[in-house]
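Shown next, in structure tokens, is the structure this report addresses.
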Amino acid sequence: MRVSERAQQAVPTATIQGGLPPGIASVLSVLRSSAVVVDGEDRVVRASSAARAFGMVAGDRLVVDELLALARLVRRDGEIRETEIQVVPSPARGRTEGRWFAVRVAPLGSHGLVLVLAEDLTEMRRVEAIRRDFVANVSHELKTPVGALSLLAETVENAADDPEAVRRFAGRMQHESVRLTNLVQDLMTLSRVQGDEPLPDMRAVSLDEVVAEALDRAQTKAAARDIEIVTGGQDGLTVRGDDDLLVTAVRNLIDNAAAYSPEGTRVVVATRQTDDGQVEINVTDQGIGIPEGDLERIFERFYRVDPARSRQTGGTGLGLAIVKHVTTKHGGEVTVWSKEGSGSTFTIRLPLLNPPTPPNP
Ligand code: ADP
């Protein structure tokens, strides 16, 4: 939607000489939709640049058959018509993907002129498809622990007179409900940071405190796998942000670093100020690393390099998506360097608040 608006505003409307009723041209030029006017002989007398760019008009002809047929119908009976069409520009022009338009065709005055207005729906449809996919993924992810819980409950019922079995299954029920809780918690965090609206609780936040808190929360899991977490770098850096979300982001990175590393290895969390007035939080592990082909996708919701391993570590598949959205919301970015078999470094970069004053000479 935004792209098409920009395209329409940036390029002046191309006019073909011909009789338009007075004032119509200026009205058409302020519309957001692509606009085409055809005369009584099907000749295009006016077309917005977008209508040409999207492949509806070539020269002085409407080249989309459905549009031409509609224009003729409207000219004949004077009825306004609406429809949705897909326009696929010719491959020869190097653009093969089709775009969807909501089209409204109406008579214009009494001289056989017909106005075609087309609103680009492509972006809206893309967003809808992403949303549908997401809902399908969430349902799928919820189904697994919920299914397991119901099965376990049934098993416990059948094993009522075997206290040892009951204890074992109850333990597994607990494990599944923790998984469920984590997933719901991550979904709630994601919905907080995905929207366009600014975060309400932005204040000066000490990075030292963020790292300390994240480390505290990640410690138990890491210690269970004999993974040592070491902090280092520059102290006293401050950013503007939501401390809870920043802690969650750093904690997710530490959790991953520990989860995807062999036992007995080390994770380093280091902060530093960059030359261009930003701060960096680097989380480095000596783990399994990430194949190059997956690097681009690991920040997508529910994307996992190895689904079996992620299930084993209890990951929700949302950790890095949350990190990405949290950093974006704070005006920063997250990047990754990784080498399979050697380890990974995730870097959160944020704008620095109040650069520390250099010590007096
Ligand atoms: P998950 O809950 O599966 O860990 P994330 O969104 O946190 O989901 O991470 C997505 C995927 O990226 C993981 O499944 C894993 O394959 C990969 N990954 C993330 N962090 C690391 C890391 N430090 N080392 C190796 N692989 C990682």
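In each ligand, atom 1 is the first atom listed, and ligand 1 is the first ligand listed. The model shown is predicted, which means the values in this text are computed figures rather than measured ones.
Residue R304 approaches ligand 1 through these ligand atoms, each under 4.0 Å from one of its heavy atoms: 3 (O), 14 (O). Ligand 1 places these atoms under 4.0 Å from at least one heavy atom of V305: 14 (O), 16 (O). Near G319, the atoms of ligand 1 lying under 4.0 angstrom from a non-hydrogen atom of the residue are 5 (P), 6 (O), 7 (O). Counting atoms of ligand 1 from 1 in the listed order, those under 4.0 Å from a heavy atom of S344 are 24 (N).
Atom 23 (N) of ligand 1 has its closest protein heavy atom at D285 OD2, 2.8 Å. Residue, atom and distance of the protein heavy atom nearest to atom 7 (O) of ligand 1 are N256 ND2, 2.8 Å. Among all protein heavy atoms, the one lying closest to atom 26 (N) of ligand 1 is I290 CG1, 3.3 Å. Nearest protein heavy-atom neighbour of atom 5 (P) of ligand 1: L320 N, 3.6 Å. Atom 3 (O) of ligand 1 has as its closest protein heavy atom S310 OG, 2.7 Å. The single protein non-hydrogen atom nearest to atom 12 (O) of ligand 1 is I298 CG2, 3.5 Å, given as residue, atom name and distance. With respect to atom 2 (O) of ligand 1, the closest heavy atom belonging to the protein is G317 N, 2.7 Å.
A donor-acceptor contact closer than 3.5 angstrom is absent between the side chains of T316 and N182. Using modelled atom types, one finds no donor on one side chain facing an acceptor on the other under 3.5 Å when comparing R179 with Q174. Side-chain contact, N282 with T347: a donor N or O sits under 3.5 Å from an acceptor N or O.
I290 and D294 make their closest contact through CG2-CB, 4.0 Å (heavy atoms, listed as atom of the first residue, atom of the second, distance).
Counting only distance, with no hydrogens or angles, the side chain of T83 and the backbone of V103 share no donor-acceptor pair below 3.5 Å. Although no hydrogens or angles enter the test, the distance criterion places no donor-acceptor pair under 3.5 Å between the side chain of S261 and the main chain of T265. A donor-acceptor pair under 3.5 Å is formed between the side chain of S177 and the backbone N or O of M173.
Between R203 and D243 there is a salt bridge, with a side-chain nitrogen of the basic residue lying less than 4.0 Å from a carboxylate oxygen of the acidic one.
The option with the heavy atom closest to atom 21 (C) of ligand 1, from among Y260, F299, Y303, is Y260.
Within the 4.0 Å heavy-atom shell around ligand 1 one does not find G287. At least one heavy atom of T316 sits less than 4.0 Å from an atom of ligand 1.
Where the criterion is an N or O separation shorter than 3.5 Å, residue side chain and backbone included, A321 fails it with respect to ligand 1. Checked by distance only, ligand 1 and F346 stay at 3.5 Å or farther apart across all their nitrogen or oxygen atoms. Annotation: I288 places no N or O atom under 3.5 Å from an N or O atom of ligand 1; distance criterion only.
Screening L253, V283, T284 for a side-chain contact (heavy atoms from CB on, under 4.5 Å) with V269, the sole residue that qualifies is V283. Paired with V116 under the rule side-chain contact (heavy atoms from CB on, under 4.5 Å), one option of V105, L70, L108 passes, and it is V105.
Both tests hold for R301 against F134: distance to the six-membered ring centre under 6.0 Å, angle to the ring axis within 45°.
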